Each structure stands twice: as structure tokens, then as C-alpha cells.
*Asks:* 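Next up is a structure, given as C-alpha cells.
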Amino acid sequence: EAQVTQNPRYLITVTGKKLTVTCSQNMNHEYMSWYRQDPGLGLRQIYYSMNVEVTDKGDVPEGYKVSRKEKRNFPLILESPSPNQTSLYFCASSFMSSGIIDEQFFGPGTRLTVL
Amino acid sequence: KNEVEQSPQNLTAQEGEFITINCSYSVGISALHWLQQHPGGGIVSLFMLSSGKKKHGRLIATINIQEKHSSLHITASHPRDSAVYICAVPFWGPDKLIFGTGTRLQVFP
């Protein structure tokens, strides 16, 4: 089954404790992206990757790191989480068609609370 | 100023009504995405379109590149269409997306 998986689905942590949210897709997509969703602000892009070893900043990259060592995986790393990173996080992937992002497949979301 | 504006923000309808959700954007784009977010939180991509019109079942999306405007139509709406509908466009390049704040649709039987 074609899917994007994220783990964990729910996480409560404390300020400053490093954490990683994993994202994996099984569709051989070139493009992968991380978004956060906050009430009243909607979805905002954190980081994206056009292919292995190619990553770039989205709208709100501060406080986050990513890596793309394999095509299927795109982990999101919070080196020192702060309460303002409490949010709902989505990973998504898609093909690129003629340089355009195709229809995206979204993971189920990770609800993160930083105390 | 928001680069992507959706209207209306909230919409209620009776089952069977024709629904229109609008998305306007301020930058030149190569394509526009429509997404659906279910009440449980999951997000599904409905359309990616770069010109003209696309149709999937009761959903129709249109785009006018010159007028920087897209519409999402739902024919014969049903309570299961109740969701938040979000449009997204590439910004500063084809690979970076910005999103509208969404239109919350509730369809009553």
C-alpha cells in the first residue's frame, strides 16, 4: 500500500530535550517536505527536499534540522525544542513533474507538545 | 498581507447544494494545489492544476492564471464533504509552497 508513515504520532517532551520525528515513504518520490500546522496560521512549510542530499528551507525553518540520506526517509530533528514548537507536524511526499510539485501524499501527522 | 487568500472562511450548506470555495493569490505561479483536511486531521490532496479545469467525481477545480484565481466546486454536496479545504501555491520557485488558511465546510443532512 502506497503510504507516508510518521513516528511517533504523539509526543510530549520537555524544553531542550533533542528529538527526531521520522518520515518514510514507499512510492519512490523525489520530493519530500515537512509542515507544521497551528490554529489561525494554517499550514507552513518547514523544510523540503528535492532529492537525496538536496534540502532547502521553507517558510519557518528556525529551530529545525533535516537530512535526506536515503530517498525514502526524511527525518525532522529538533535539537533543542522550545514551547513555541508545540504544533501538529505533517510530512508529505510527491513526484516532481517538469519541475512542478505533483499531488502530495501526506503522513498522518505528529502532535508534539513541548513543556 | 497574505499571499494566498481563501473565501469564505466558513461555509455551511444543506445536503445537495452546490458549493464554491475561492482561492486568490498574489504571485505568478506554475501550479496550484487543493487539499482536504478531514475532521480527524488527515490531509488528502484533491487536485494539482496548472491550467483550465479538472474533475474528480463531484469535485471540480478551475484556475485562471491571468486573474490569479482558482475555485473548487462541489456538486450535490453531502455531509461526508464536511472538512477544511486548503489551497496552496508555489512561492519564490516551484518547489516551496505557501498555504491559504483554509475554508471550513459543514454540510448538514
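So that the names make sense, note that chain A is the first sequence line, chain B the second, and so on, each numbered from 1. This one's a predicted model, so the numbers in the text were calculated from it and none came from an experiment.
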*Asks:* Linking I/L/V/M/F/W/Y whenever any side-chain heavy atoms sit under 4.5 Å apart, do B:Leu32 and B:Ile19 land together?
*Replies:* yes
*Asks:* For residues B:Ile60 and B:Val107: do they belong to one hydrophobic cluster (side chain heavy atoms under 4.5 Å, members Ile, Leu, Val, Met, Phe, Trp, Tyr)?
*Replies:* no
*Asks:* Could you pull out all residues at least two apart from A:Lys71 that satisfy salt bridge (Lys or Arg N to Asp or Glu O under 4.0 Å)?
*Replies:* none
*Asks:* Heavy-atom distance under 4.5 Å to chain A: side chain of B:Leu46, backbone, both or neither?
*Replies:* backbone
*Asks:* Could you see if A:Ile12 belongs to whatever hydrophobic cluster contains A:Leu112? Use Ile, Leu, Val, Met, Phe, Trp, Tyr and a side-chain cutoff under 4.5 Å.
*Replies:* no
*Asks:* Under a 4.5 Å cut-off applied to non-hydrogen side-chain atoms, are B:Ile43 and A:Phe90 in contact?
*Replies:* yes
*Asks:* Is there any N or O donor on one of chain A and chain B with an acceptor on the other under 3.5 Å, and could you list each such pair with its distance?
*Replies:*
| residue | atom | partner | partner atom | Å |
| --- | --- | --- | --- | --- |
| A:Tyr31 | OH | B:Asp95 | O | 2.6 |
| A:Gln37 | OE1 | B:Gln37 | NE2 | 2.9 |
| A:Gln37 | NE2 | B:Gln37 | OE1 | 2.8 |
| A:Gln45 | OE1 | B:Leu97 | N | 2.8 |
| A:Tyr48 | OH | B:Asp95 | OD1 | 3.4 |
| A:Ile101 | O | B:His33 | NE2 | 3.3 |

*Asks:* Restricting to side-chain hydrogen bond (donor to acceptor under 3.5 Å, both in side chains), what partner residues turn up for A:Lys17, sequence neighbours left out?
*Replies:* none
*Asks:* Does A:Val60 share a hydrophobic cluster with A:Phe74, counting links as ILVMFWY side-chain heavy atoms below 4.5 Å and allowing steps through other members?
*Replies:* yes
*Asks:* Identify, with sequence neighbours excluded, every residue that meets side-chain hydrogen bond (donor to acceptor under 3.5 Å, both in side chains) alongside A:Glu53.
*Replies:* none
